Engineer: 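My structure is below; once you've seen it, I'll send some questions.
All ligand and atom numbering here is 1-based and tracks the order in the structure. Values reported hereafter were calculated over all heavy atoms of this structure, with side chains retained and with hydrogens, waters and symmetry mates removed. Owing to the predicted nature of the structure, the values given are computational and were not obtained by experimental measurement.
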Amino acid sequence: MSEIFPRELKWELPGTSRIPFLTYTSDELYQRELERFFYKGHWCYVGLEAEIPNAGDFTRTVVGERSVIMVRDADGSINVIENVCAHRGMRFCRERHGNRKGFVCPYHQWSYTLKGDLQGVPFRRGVRQEGKVVGGMPADFDTKEHGLTKLKVATRGGVVFASFDPEVEALEAYLGPAILGYFDRLFDGRKLTILGYNRQRIPGNWKLMQENIKDPYHPGLLHTWFVTYGLWRADNKSELKMDEHYRHAAMISTRGQAGKADQVTQVSSFKEGMQLHDPRFLDIVPEDWWGGPTAVMTTIFPSVILQQQVNSVSTRHIQPTGHGSFDFVWTHFGFEDDTPEMTQRRLRQANLFGPAGFVSADDGEVIEFSQQSFESKPFHRTLAELGGRTVADTDHMVTETLIRGMYAYWRKVMES
Ligand code: FES
Ligand code: FE2
């Protein structure tokens, strides 16, 4: 056995089919992940335009661990500015959302425009005392040099991304053509409506959430609810697609129409007699824009998951809070042309998801219990060898190729 608490990452085999537990437990690696994935060279999700429809509307969110404000400017454009006062660094905005003409830091009342430009500094020119002016900022103090940090912003189909990196490539190139196609399928320009939020803190490494949605092996096994009520079957027609760097992925599946199939697991048989008291949870109505698939789960690395699971649609924002935990924020939405019945249906189906969802509660738990093992046995590694040890798009679900793909990208960028 090697060291129990290794400092160096060791990959057991070439490739990424055996992932060291240390990738989930090391603070040093985590800091490097923040730098290289969240603060440089990548776009991070910050919200939906529909959350801030009017001039001055804002929401407070994060890019990595850094607090930012997404705000609608007077001219209708969207700014993302860092929530760190240019004076003494206070995190000045405490509200989760609201409407403002500008931002004022309560500590010494420096005030900023919606663009993040500094506009007022109390006692900048000192005060008059016994006939002369005392104090104040130095004569060469220039407000133009002391605005808030402004992020680069990209919007597409009503979704807002931001980056601290002014050199980051265009969002469309970042997503790549295959993933962009699935992005546009969901966000095709229709106006979105916000139906509500779920928030949870999951005591596990942030990458485990990406892996969970890149893992088509588990839904038909862990999520007995899915299987019992026929929403997920191992024989669903399905495809897995990645961008050229293997960082983003789409799991595309089409629900079998042929009634109950022979399951390769025992899950369905022992739940055979179970019935829902309220069958409206599964009152599924196909929508034109689906264009075939009944579920598409898209992971946009590193920060967000785009969910379409029959009539339930949401974004799921991954907000890391240290190597061993992250906040997971779900924004359930609909479309402006939805009938009231469709809105009700989306809300009902949303009960499958979120921290206490019939399906998603399972994912939060397995992530927590995985992290517990990683912490106690950091010299060990996980196994992701279903479907082989290589990485490629597939037309079936019986593979962990997307996880191997994500770690191929991780190793390249992390140089680890
Ligand atoms: Fe914000 Fe002083 S820290 S005004
Ligand atoms: Fe799951």
Engineer: Indicate the ring-plane relationship of Phe183 and Phe187, choosing parallel, tilted or perpendicular according to the 30° and 60° boundaries.
Structural biologist: tilted
Engineer: Please state whether the rings of Phe141 and His146 are parallel, tilted or perpendicular, taking 30° and 60° as the class boundaries.
Structural biologist: parallel
Engineer: Using distance alone, with no hydrogens and no angle criterion, decide if His97 and Asp57 have a side-chain donor and acceptor under 3.5 Å apart.
Structural biologist: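 Absent: no donor and acceptor within the cut-off.
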Engineer: Near the Fe ion (ligand 2), which protein N/O/S atoms fall under 2.8 Å?
Structural biologist: His218 NE2, His223 NE2, Asp363 OD1, Asp363 OD2
Engineer: Could you check whether the rings of His108 and His87 sit parallel, tilted or perpendicular, using 30° and 60° as the cut-offs?
Structural biologist: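 Ring orientation of His108 relative to His87: perpendicular.
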Engineer: Could you tally the protein N/O/S atoms lying less than 2.8 Å away from atom 1 (Fe) of ligand 1?
Structural biologist: 2
Engineer: Testing the basics here: between Ser163 and His42, what is the closest heavy-atom pair and its distance to 0.1 Å?
Structural biologist: OG-O, 3.1 Å
Engineer: Relative to Phe103, does Arg100 satisfy both conditions: NZ or CZ under 6.0 angstrom from the six-membered ring centre, and within 45 degrees of the ring's axis?
Structural biologist: no
Engineer: Any chance CZ of Phe281 has more than 12 other-residue heavy atoms, nucleotides or ligands included, within less than 6.0 Å?
Structural biologist: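 Yes, enclosed.
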Engineer: Could you tell me whether Tyr409 and Phe301 have their ring centroids closer than 6.0 angstrom?
Structural biologist: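 Centroid separation for Tyr409 and Phe301: below 6.0 Å.
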Engineer: Does Arg185 form a side chain to side chain contact (heavy atoms under 4.5 Å, CB included) with Trp290? I'd like the steps, not just the answer.
Structural biologist: CA-CA 7 Å; Arg185 169 181 172 274; Trp290 293 0; 3.7 Å; yes
